[in-house]
Amino acid sequence: MTSQEILALTDQYIMHTYGRSPIAVDHGEGARLYTPEGREYIDFTSGIGVSALGYGNPAWLDAINAQAKKLGHISNLFYTEPAAKLAEILCKRTGESCVFFANGGGEANEGMIKLARKYSFDKYGQGRATIITLQNSFHGRTITTLKATGQDVFHNYFFPFTEGFRYAEANDLDALKAAAGNDVCAVMVELVQGEGGVLPLDKDYVQAVEALCAEKDWLLLVDEVQTGVGRTGTLFAFQQYDILPDVASFAKGIAGGLPMSGILANEKCRNVLGPGTHATTFGANPVCAAAGLAVQETLDDAFLQEVQEKGAYLRNGIEALDLPCFGKTRGLGLMIGIAVKDGYTNKEISAKLAENGLLVLTAGPGIRLLPPLAVSKEEIDKGLAIMAETLKP
């Protein structure tokens with residue numbers, strides 16, 4: 001099919017729930033994508049942070065093919081080797097105690113919320129189920145995770161929302177304490193607020209929140225759907241903050257392009273969710289888990305160090321361009337935000353870049369870059385060159 005045929009068929013038969021760029025993607029290699037007609041794009045989106053190893057990674061493909069030939073699906077009523085091995089690696093690399101595997105980020109955060117409320121119910125009974133989240137946060141598209149999201153723009157249309165959430169200003173411990181009460185069971189944070197504009201939390205603040213949670217016996221929940229699996233230059237962002245969450249969610253890059261997510265829990269929380277209290281049909285799918293093992297084997301310490309170095313190189317390169325539409329950059333590793341100056345819009349900028357062969361994302365009022373973690377220096381340089389050509393006066 002041609003690009004125009006794909007666009008027309010999509011518009012006719014798929015719900016219009018996305019503001020799509022008018023680009024049909026046929027295949028990819030590394031950090032490059034190609035249309036059916038062969039037009040090349042440098043991809044600084046990686047499927048919104050999912051395709052961690054880029055496109056066409058041989059080890060990832062081999063793992064998927066080998067597992068698909070053996071067993072595609074069996075459900076969690078039985079045991080499989082790929083899921084068991086992936087859970088072991090994640091626990092040993094983080095210091096957490098156990099894993100629950102799911103399918104997408106919103107589902108993972110739902111599981112984390114359920115665990116927190118059951119932990120408190122088991123220990124204290126009813127009336128202690130409120131979770132404090134941060135202003136400008138984003139936690140998912142389900143009814144519950146929309147309410148957990150600390151942005152009013154998402155609190156519309158789908159009434160009634162799940163209750164039991166209050167919001168506090170980020171990086172303000174006094175505001176968090178003011179939002180607290182005897183009904184609180186947990187605090188849930190993104191260490192880098194992704195959809196809100198790629199805004200890292202202050203380390204001192206996060207450590208103070210961890211201490212407050214320990215004092216009050218609130219669970220500290222860390223949403224690592226976007227920041228996890230090497231995106232920030234460590235396996236999980238919480239490792240750069242020198243904390244160990246009670247529960248952390250993950251998704252996006254965990255299986256390098258296949259649908260997978262989950263939560264990691266510490267020893268205190270490992271037995272909160274027992275048989276019958278939480279489940280998912282496709283979680284721990286053996287093909288997805290095999291892909292996840294290939295990702296983990298690639299994301300060794302040397303690779304993660306390169307992620308930090310490439311992130312610094314890309315940020316320095318953007319700022320050195322001194323483009324009139326861009327302000328400062330921010331972020332961790334290859335999760336990068338760019339401020340957009342007054343007089344320009346992020347949608348206008350992203351559309352112009354796409355026209356010239358560079359794909360980027362928006363977040364809040366700014367630009368968001370989430371290149372594949374395996375992006376090459378040559379691909380970064382080509383992306384920078386497109387920025388300069390497109391956005392310089």
Side-chain angles (χ1 to χ4, degrees), residues 25-30 46-94 96-112 114-115 140 142 224-226 228-231 235-236 247-265 269-300 303 372-374:
V25 178
D26 180 73
H27 64 281
E29 182 179 351
S46 63
I48 317 183
V50 169
S51 301
L53 305 186
Y55 305 102
N57 178 273
W60 183 77
L61 289 170
D62 288 347
I64 291 169
N65 290 334
Q67 182 57 46
K69 289 177 181 178
K70 291 176 63 178
L71 182 68
H73 177 73
I74 191 62
S75 91
N76 288 300
L77 298 176
F78 305 95
Y79 295 80
T80 62
E81 180 180 334
K85 291 175 73 172
L86 181 57
E88 178 189 27
I89 290 169
L90 290 172
C91 289
K92 286 185 173 179
R93 294 189 70 179
T94 61
E96 300 285 9
S97 295
C98 60
V99 180
F100 175 89
F101 288 115
N103 306 283
E107 184 186 357
N109 284 337
E110 285 264 359
M112 189 159 64
K114 284 178 66 177
L115 189 153
T142 68
E224 294 246 20
V225 166
Q226 192 166 153
V229 198
R231 175 55 55 186
L235 188 61
F236 285 89
V247 192
S249 61
F250 58 86
K252 293 197 179 288
I254 185 66
L258 295 186
M260 192 177 208
S261 70
I263 56 176
L264 284 156
C269 296
R270 68 173 293 122
N271 295 316
V272 173
L273 295 176
T277 61
H278 197 52
T280 180
T281 297
F282 293 103
N285 173 272
V287 177
C288 296
L293 287 171
V295 171
Q296 290 299 311
E297 288 165 4
T298 303
L299 267 59
D300 59 19
F303 184 96
L373 304 183

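- Note that OG of Ser249 and CE of Met112 are 3.5 Å apart. Values are rounded to the nearest 0.5 Å.
- Note that CZ of Arg93 and CZ of Phe236 are 9.0 Å apart. Values are rounded to the nearest 0.5 Å.
- A heavy-atom distance below 4.5 Å is found between the side chains of Leu86 and Gln296.
- If you take OG1 on Thr80 and CD1 on Ile74, they are separated by 9.0 Å, rounding to the nearest 0.5 Å.
- Side-chain polar atoms of Thr142 and Glu110 form a donor-acceptor pair below 3.5 angstrom.
- Shown here for Ala294 and Ala59, the closest heavy-atom pair between the two residues is CB-O, 4.0 Å.
- The two residues Pro286 and Pro82 come nearest to each other via the heavy atoms O-CB, 3.7 Å.
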**Item:** Phe250/Leu264 under side-chain contact (heavy atoms from CB on, under 4.5 Å): CA gap, chis, key distance, verdict
**Value:** CA-CA 8 Å; Phe250 58 86; Leu264 284 156; 4.0 Å; yes
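- For Phe303, there are no ring pair (Phe, Tyr, Trp, His ring centres under 6.0 Å) partners, not counting sequence neighbours.
- Residues Val99 and Cys91 have side chains in contact (heavy-atom distance under 4.5 Å, counting atoms from C-beta outward).
- The structure places OH of Tyr55 at 10.0 Å from CH2 of Trp60, a figure rounded to the nearest 0.5 Å.
- At least one side-chain heavy atom of Cys269 sits less than 4.5 Å from a side-chain heavy atom of Leu115.
- Using a distance-only test at 3.5 Å, with no hydrogens or angles considered, no donor-acceptor pair links the side chain of Lys114 to the main chain of Leu273.
- In this structure a side-chain-to-backbone donor-acceptor pair under 3.5 Å is missing from Ser46 to Ile48.
- With hydrogens and angles disregarded, a donor-acceptor distance shorter than 3.5 Å links the side chain of Thr94 to the backbone of Leu90.
- Here the straight-line distance linking atom CG of Asn57 with atom OG1 of Thr298 works out to 5.5 Å at 0.5 Å rounding.
- Note: Phe100 and His278 have tilted aromatic rings, judged against thresholds of 30 and 60 degrees for the angle between ring planes.
- Using a 4.5 Å heavy-atom threshold, the side chains of Phe101 and Phe282 count as separate.
- In this structure, Asn109 and Val225 have side chains that are in contact, with non-hydrogen atoms separated by less than 4.5 Å.
- In this structure a side-chain-to-backbone donor-acceptor pair under 3.5 Å is present from Arg270 to Ser97.
- Contact annotation: the side chain of Val295 approaches that of Val229 to within less than 4.5 Å [non-hydrogen atoms, C-beta and beyond].
- A donor atom on one side chain and an acceptor atom on the other are not found under 3.5 Å apart for Glu107 and Ser261.
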**Message:** For a side-chain contact (heavy atoms from CB on, under 4.5 Å) check, start with the C-alpha distance between Asn285 and Asn103, then their side-chain angles and the critical distance, and finish with the verdict.
**Reply:** CA-CA 9 Å; Asn285 173 272; Asn103 306 283; over 6 Å; no
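- Rounding to the nearest 0.5 angstrom, the gap separating the CG atom in Leu77 from the OG1 atom in Thr281 is 9.0 Å.
- Across every non-hydrogen atom of Met260 and Ala255, the tightest pair is CB-CB, 3.9 Å.
- The heavy-atom pair separating Pro259 from Cys288 by the smallest distance is O-SG, 3.3 Å.
- The minimum heavy-atom distance between Ile64 and Ala291, with the atom names listed, is CG1-CB, 3.9 Å.
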